[in-house]
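All remarks here apply to the structure that follows.
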Amino acid sequence: YDVIASTQRVLDEHGPQTVDAARRLPPLVQFSDDMRHQSTMLKKFLFADLDDTLFQSGRKCPEGAPLTPMAYLKDGTAHSFATKAQKSFLMLMQQEMTVIPVTARNADALSRVRWPFTNGAVINYGGIILRADGAVDEGWLAQSRTHAAQTLPMLEHVSGILQSIADSLCVQLRIRIISDFETPFY
């Protein structure tokens with residue numbers, strides 16, 4: 001709408017009566033000065049890790065500090081918290097730039113983060129890119145699937161070795177490969 005309003009102002013100001021008169025005018029279609037300034041400003045992006053950067057599990061939080069729950073377990077229990085400083089920092093950054101979370105979390109774990117990230121995300125250690133509308137970047141997913149297929153035998157082998165070690169030590173561990181969007185990542 002800025003272009004339409006600015007162009008209309010130029011037309012109203014000069015009032016050309018003929019096509020030839022319009023051709024002699026300065027450019028008619030233009031942004032307002034404010035919009036031109038905004039469009040030429042350097043765009044600022046913050047690619048921010050989530051866990052242990054913008055928030056952390058309760059056991060890592062300062063004792064007695066006021067905390068804001070930021071992420072929840074599948075059963076709804078608050079699990080990750082932001083300190084007042086972390087929350088203030090995140091609010092400031094979102095006012096000043098485009099904040100894009102970058103995380104090891106898969107889509108399910110990211111969905112349990114309670115903060116309005118609205119500019120997309122990079123999840124699964126970079127294996128998945130989510131666009132601002134939450135849809136998966138299919139081109140990137142195709143590349144990730146190709147790479148993941150090549151590493152799956154190694155992941156399965158290492159998982160087996162780790163499980164054997166745990167069994168030999170009589171340690172109960174749940175060793176699993178995390179998949180997201182039908183792609184094994186880690």
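Keep in mind the model is a prediction, meaning the values are calculated, not measured.
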Subject >> Intermediate values then yes/no, side-chain contact (heavy atoms from CB on, under 4.5 Å), M35 and S6 >> reply: CA-CA 10 Å; M35 182 61 78; S6 295; over 6 Å; no

Original post:
Linking I/L/V/M/F/W/Y whenever their side-chain heavy atoms sit closer than 4.5 Å, directly or via other members, would I178 and V136 fall into one cluster?
Top reply: yes

Original post:
What pairs meet the salt bridge (charged side-chain N to carboxylate O under 4.0 Å, His left out) rule with one or both residues in residues 176-186, with sequence neighbours excluded?
Top reply: none

Subject >> Nearest heavy atoms of S179 and P184, plus distance in Å >> reply: OG-CA, 3.2 Å

Subject >> Atom pair CG/CD1 of L173 and I165 - distance to nearest 0.5 Å >> reply: 10.0 Å

Subject >> Pairs satisfying salt bridge (charged side-chain N to carboxylate O under 4.0 Å, His left out), at least one member in residues 139-149, at least two apart >> reply: none

Subject >> Closest contact, heavy atoms only, F55 versus S80 >> reply: CD1-CB, 3.4 Å

**OP:** Give every residue pair that meets the side-chain hydrogen bond (donor to acceptor under 3.5 Å, both in side chains) criterion with at least one member in residues 94-110, sequence neighbours excluded.
**Re:** D51-R105, Q94-W115, D108-R112

Subject >> From T183 atom OG1 to N124 atom CG, the distance as rounded to the nearest 0.5 Å >> reply: 8.5 Å

**OP:** Starting at NE2 of H79, measure out to CZ of R59 and round the result to the nearest 0.5 Å.
**Re:** 7.5 Å

Original post:
So which residues get pulled into L67's cluster when ILVMFWY side chains under 4.5 Å apart are joined, directly or through others?
Top reply: F81

**OP:** Report the residues that fulfil salt bridge (Lys or Arg N to Asp or Glu O under 4.0 Å) with D12, sequence neighbours left out, ordered by chain and then residue number.
**Re:** none

Original post:
Can you find a heavy atom in the side chain of F181 that is under 4.5 Å from one in the side chain of I128?
Top reply: yes

Original post:
What are the two closest non-hydrogen atoms of T7 and V3, and how far apart are they?
Top reply: OG1-O, 2.7 Å

Subject >> Which residues share a ring pair (Phe, Tyr, Trp, His ring centres under 6.0 Å) with F89, sequence neighbours left out >> reply: none

**OP:** Tell me, yes or no, whether the heavy-atom count around M91 atom CE, taken from other residues, nucleotides or ligands under 6.0 Å, exceeds 12.
**Re:** no

**OP:** To the nearest 0.5 angstrom, please state how far the SG atom of C61 sits from the CD atom of Q56.
**Re:** 4.0 Å

**OP:** Taking side-chain contact (heavy atoms from CB on, under 4.5 Å) as the test, write out the residues that go with A21, two or more places apart.
**Re:** P16, T18, R24

Original post:
Among all residues two or more places apart in sequence or in another chain, which pass the side-chain contact (heavy atoms from CB on, under 4.5 Å) test with E156?
Top reply: L152, I177

**OP:** Apply the side chain to side chain contact (heavy atoms under 4.5 Å, CB included) test between L50 and each candidate in I123, L110, L90; give the one that qualifies.
**Re:** L110

**OP:** For side-chain contact (heavy atoms from CB on, under 4.5 Å), just list the numbers for Q86 and L54, CA-CA rounded to whole Å, side-chain angles, deciding distance to a tenth of an Å, and then say yes or no.
**Re:** CA-CA 6 Å; Q86 287 170 311; L54 298 179; 5.7 Å; no

Original post:
What's the verdict on side-chain contact (heavy atoms from CB on, under 4.5 Å) for I100 and N119, showing C-alpha distance, side-chain angles and the deciding distance?
Top reply: CA-CA 6 Å; I100 300 171; N119 298 296; 4.1 Å; yes

Original post:
With sequence neighbours excluded, what pairs up with T68 under the side-chain contact (heavy atoms from CB on, under 4.5 Å) test?
Top reply: M70, K87

Donor-acceptor pairs are to be reported for all side-chain atoms of residues 137-144 against protein atoms at under 3.5 Å, with residues two or more places apart or in another chain.
from	atom 1	to	atom 2	distance (Å)
D137	OD1	G139	N	3.2
D137	OD1	W140	N	2.8
W140	NE1	G126	O	2.8
S144	OG	G127	O	2.5
S144	OG	W140	O	3.2

Subject >> Set of side-chain contact (heavy atoms from CB on, under 4.5 Å) partners for V158, sequence neighbours left out >> reply: M154, L162

Subject >> Results of ring pair (Phe, Tyr, Trp, His ring centres under 6.0 Å) for Y125 - residues two or more places apart only >> reply: Y186

